[in-house]
> 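This structure is in structure tokens; I'll ask about it shortly.
Being a predicted model, the structure only gives us computed values, none of them experimental.
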Amino acid sequence: IRVEEMPTLRFKESDRDITIRGNDFSLIFDKESGCISSFIFRGLELMKRGPQLNVWRAPTDNDAPRLAQRWREAGLDRLKHVVEEVKAERLTPQLICVKIKSTLLTPESAEKFHCQYVYKIYGTGDIIVETDVTPLADLPPLPRIGLQLTIPGEFNRFTWYGRGPHENYCDRKEGAPIGVYSGTVDEQYIPYIMPQENGNKTDVRWVSLNNSSGLGLLAVGMPLMEVSAHHFTTEDLTKARHTYELKRRKDITLNLDYKQSGLGGGSCGPDTLPKYLIKPEHVCFSVRIRPLLPSESAMEISKQRIED
């Protein structure tokens with residue numbers, strides 16, 4: 001797709017937010033939170049909040065003996081985002097760039113990460129998000145590095161092109177062939193006796209969340225990502241000690257991860273092998289997000305390339 005052939009965009013900026021409008025969509029960036037607070041397509045809200053950097057996962061039984069303690073000591077479960085700078089710039093009539101710089105700190109104000117997001121918003125409604133992450137402290141191997149979004153609950157039909165159909169992780173994926181799989185978001189939840197990280201999918205090329213009419217949100221890896229979606233937040237899964245304590249939320253928490261740490265065997269054997277751990281080092285990763293019409297093929301759209 002050539003940018004000059006796309007519909008033109010309109011945008012306005014205030015002290016509080018940036019609003020970008022296309023032919024059939026509108027997008028609002030909230031300057032205080034540093035992320036999208038509304039993404040409306042053809043009158044439907046596709047995204048309530050996000051994407052925002054997330055490095056935490058609800059510790060698994062295998063994380064609990066050793067790794068989870070190191071993660072908590074580093075404050076990875078208590079990070080808050082402080083926005084340093086938000087800039088919007090029109091690059092062409094059909095392309096607007098929004099840059100957001102933020103720092104992730106513990107409640108004690110210890111700086112842990114610098115993060116810069118570069119959003120390219122195109123006249124088609126495509127959004128390419130480039131995330132640049134720099135660790136600032138002496139940190140243990142990370143649980144994950146990725147983006148987290150909040151999606152309205154009606155988009156509960158979950159389809160992905162990657163490994164499946166069951167959950168899989170970078171050190172637990174040989175028995176999960178690559179294919180196109182589909183189910184409800186509820187069906188992705190694995191009810192471990194103690195709630196924990198679950199339902200992850202690796203080597204994902206694209207994922208879509210659709211409503212009953214087939215309209216929805218598509219995310220495309222550039223080139224690959226790990227994905228999970230639940231009617232629980234990461235905090236819900238971290239705090240609950242038993243499955244019955246989880247209260248299903250209407251909204252969906254969608255994780256689009258650059259990487260998630262392997263599971264290892266720490267509950268009854270060795271920890272995760274070093275090659276499956278995420279080193280706390282500088283990374284840069286991108287993902288493409290866009291509305292998806294019932295008449296459109298996620299597979300075909302994922303193959304399209306945008307030429308700036």
> List the atom of Tyr117, the atom of Pro51, and the distance in Å for their closest heavy-atom pair.
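Scanning both residues, the minimum pair turns out to be CE2-O, 4.2 Å.
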> Assess the side chains of Thr150 and Asp251: does a donor N or O sit below 3.5 Å from an acceptor N or O?
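No - no donor-acceptor pair under 3.5 Å links their side chains.
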> Would you please test Thr238 and Phe232 for side-chain contact (heavy atoms from CB on, under 4.5 Å) and show each step?
CA-CA 10 Å; Thr238 302; Phe232 308 106; over 6 Å; no
> When rounded to the nearest 0.5 angstrom, what distance separates CG in Leu256 from CZ in Arg288?
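Reported value, rounded in 0.5 Å steps: 14.0 Å.
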> Please evaluate residues Arg290 and Glu296 with respect to the criterion salt bridge (Lys or Arg N to Asp or Glu O under 4.0 Å), reporting the C-alpha separation (whole Å), side-chain torsions for both, the decisive distance (0.1 Å), and the verdict.
CA-CA 12 Å; Arg290 61 160 285 157; Glu296 291 178 317; 3.2 Å; yes
> Just by modelled atom types, is the Gln52 backbone N or O under 3.5 Å from a matching donor or acceptor in the Asn54 side chain?
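No; judged by distance alone, with no hydrogens or angles, the pair does not exist.
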> Shortest non-hydrogen contact from Gly146 to Asp257?
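So the minimum-distance heavy-atom pair works out to CA-OD1, 3.3 Å.
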> Angle class for the Phe158/Trp160 ring planes (parallel below 30°, perpendicular above 60°, tilted otherwise)?
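It falls in the tilted class, 30° to 60°.
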> Would one find more than 12 heavy atoms of other residues, nucleotides or ligands at under 6.0 Å from atom CD of Gln69?
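No, not enclosed.
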> Inspect the contact between Arg57 and Asp63 and indicate whether a charged nitrogen and a carboxylate oxygen are less than 4.0 angstrom apart.
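Answer for the salt bridge query: yes.
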> From Phe11 CZ over to Thr19 OG1, what is the distance, rounded to the nearest 0.5 angstrom?
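Atom-to-atom, Phe11:CZ and Thr19:OG1 are 10.0 Å apart.
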> Is it true that Glu13 and Lys31 make a salt bridge, defined as a side-chain N closer than 4.0 Å to a carboxylate O?
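Judged by the 4.0 Å cut-off on N to carboxylate O distance, Glu13 and Lys31 do form a salt bridge.
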> How about Gln188 and Ser228: does a side-chain donor come under 3.5 Å of a side-chain acceptor?
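Judged by distance alone, the side chains do not pair up.
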> Do any N or O atoms from the side chain of Gln304 and from the backbone of Ile1 form a donor-acceptor pair under 3.5 angstrom?
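Side chain of Gln304 to backbone of Ile1, a donor-acceptor pair under 3.5 Å: no, none is there.
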> Between Pro280 and Pro141, what is the shortest heavy-atom contact and its length?
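Distance-wise, the nearest heavy atoms are CD-CA, 4.4 Å.
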> Side chains of Ser208 and Asn210 only: does a donor on one sit below 3.5 Å from an acceptor on the other?
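There is such a pair (donor and acceptor under 3.5 Å, judged by atom type) between the side chains of Ser208 and Asn210.
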> Each residue besides Tyr276 in its hydrophobic cluster should be listed here, by chain and number; the cluster joins Ile, Leu, Val, Met, Phe, Trp and Tyr at side-chain heavy-atom distances under 4.5 Å.
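Taking Ile, Leu, Val, Met, Phe, Trp and Tyr as members, Tyr276 shares its hydrophobic cluster with Leu273.
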> What are the two closest heavy atoms between Leu53 and His81, and how far apart are they?
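Scanning both residues completely, I find the closest heavy atoms to be O-CE1, 3.1 Å.
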> Mind checking the CD1-CE spacing from Ile289 to Met47? Nearest 0.5 Å is all I need.
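Reported to 0.5 Å precision, the distance equals 4.5 Å.
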> Determine, stepwise, if the pair Asp126 / Thr124 fulfils side chain to side chain donor-acceptor pair (under 3.5 Å).
CA-CA 5 Å; Asp126 284 274; Thr124 49; 2.6 Å; yes
> Please determine whether the number of non-hydrogen atoms from other residues, nucleotides or ligands lying under 6.0 Å from atom CD of Glu73 exceeds 12.
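It does: Glu73 CD has more than 12 such atoms within range.
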> Please report the interatomic distance CZ(Arg144) to CD1(Ile278), rounded to the nearest 0.5 Å.
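Output value for this atom pair is 8.5 Å.
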> With a cut-off of 6.0 Å (strictly less than), are more than 12 heavy atoms of other residues, nucleotides or ligands near NZ of Lys259?
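Atom NZ in Lys259 is not crowded, with 12 or fewer foreign heavy atoms closer than 6.0 Å.
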> Please determine whether side-chain contact (heavy atoms from CB on, under 4.5 Å) holds for the pair Met194 and Thr60, giving the CA-CA distance in whole Å, both sets of side-chain angles, and the decisive distance to 0.1 Å.
CA-CA 8 Å; Met194 188 185 84; Thr60 67; over 6 Å; no
> With a 4.0 Å cut-off on N to O distance, would you call Lys303 and Glu300 a salt bridge?
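Glu300 and Lys303: salt-bridged.
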> For the residue pair Glu167 / Asn198, report whether a side-chain donor-acceptor contact shorter than 3.5 Å exists.
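Result is no, nothing qualifies.
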> Tell me whether the count of non-hydrogen atoms from other residues, nucleotides or ligands lying under 6.0 Å of NZ in Lys80 goes above 12.
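Enclosed: over 12 neighbouring heavy atoms sit under 6.0 Å from NZ of Lys80.
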> Should we count NZ of Lys120 as having more than 12 external heavy atoms under 6.0 Å?
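Result for NZ/Lys120: open.
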> Considering non-hydrogen atoms only, spot the tightest contact between Asn62 and Gly265 and give its length.
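Shortest heavy-atom contact: ND2-CA, 3.6 Å.
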> Shortest non-hydrogen contact from Ala240 to Glu245?
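Looking at all heavy atoms of both residues, the shortest contact is CA-OE1, 3.5 Å.
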> Out of Asn168, Asn200, Asp203, which residue meets the side chain to side chain donor-acceptor pair (under 3.5 Å) rule with Arg163?
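The passing option is Asp203.
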> Just how far is it from atom CG of Leu27 to atom CD1 of Ile127, taken to the nearest 0.5 Å?
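Answer for the CG-CD1 pair, Leu27 versus Ile127, is 4.5 Å.
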> Can you tell me how far the CZ atom of Arg157 sits from the OG atom of Ser213, to the nearest 0.5 Å?
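Between Arg157 CZ and Ser213 OG, I get 13.5 Å after rounding to 0.5 Å.
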> With a sphere of 6.0 Å drawn around OH of Tyr161, does it hold more than 12 non-hydrogen atoms of other residues, nucleotides or ligands?
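No.
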> Could you check whether atom CZ of Arg90 has more than 12 heavy atoms from other residues, nucleotides or ligands sitting under 6.0 Å from it?
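Counting other residues, nucleotides and ligands, CZ of Arg90 exceeds 12 neighbours.
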> Find out whether Lys48 and Pro152 are in side-chain contact, i.e. whether some heavy atom of one side chain is under 4.5 Å from a heavy atom of the other.
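Yes, their side chains come closer than 4.5 Å.
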> Apply the side-chain contact (heavy atoms from CB on, under 4.5 Å) test between Arg78 and each candidate in Lys112, Glu108, Arg72; give the one that qualifies.
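Option passing the side-chain contact (heavy atoms from CB on, under 4.5 Å) with Arg78: Glu108.
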> Let me check something: any side-chain donor-acceptor pairs from residues 93-105 under 3.5 Å, sequence neighbours excluded? List them with distances.
from: Gln94; atom 1: OE1; to: Thr92; atom 2: OG1; distance (Å): 3.1
from: Gln94; atom 1: NE2; to: Glu4; atom 2: O; distance (Å): 3.4
from: Thr103; atom 1: OG1; to: Glu84; atom 2: OE2; distance (Å): 2.8

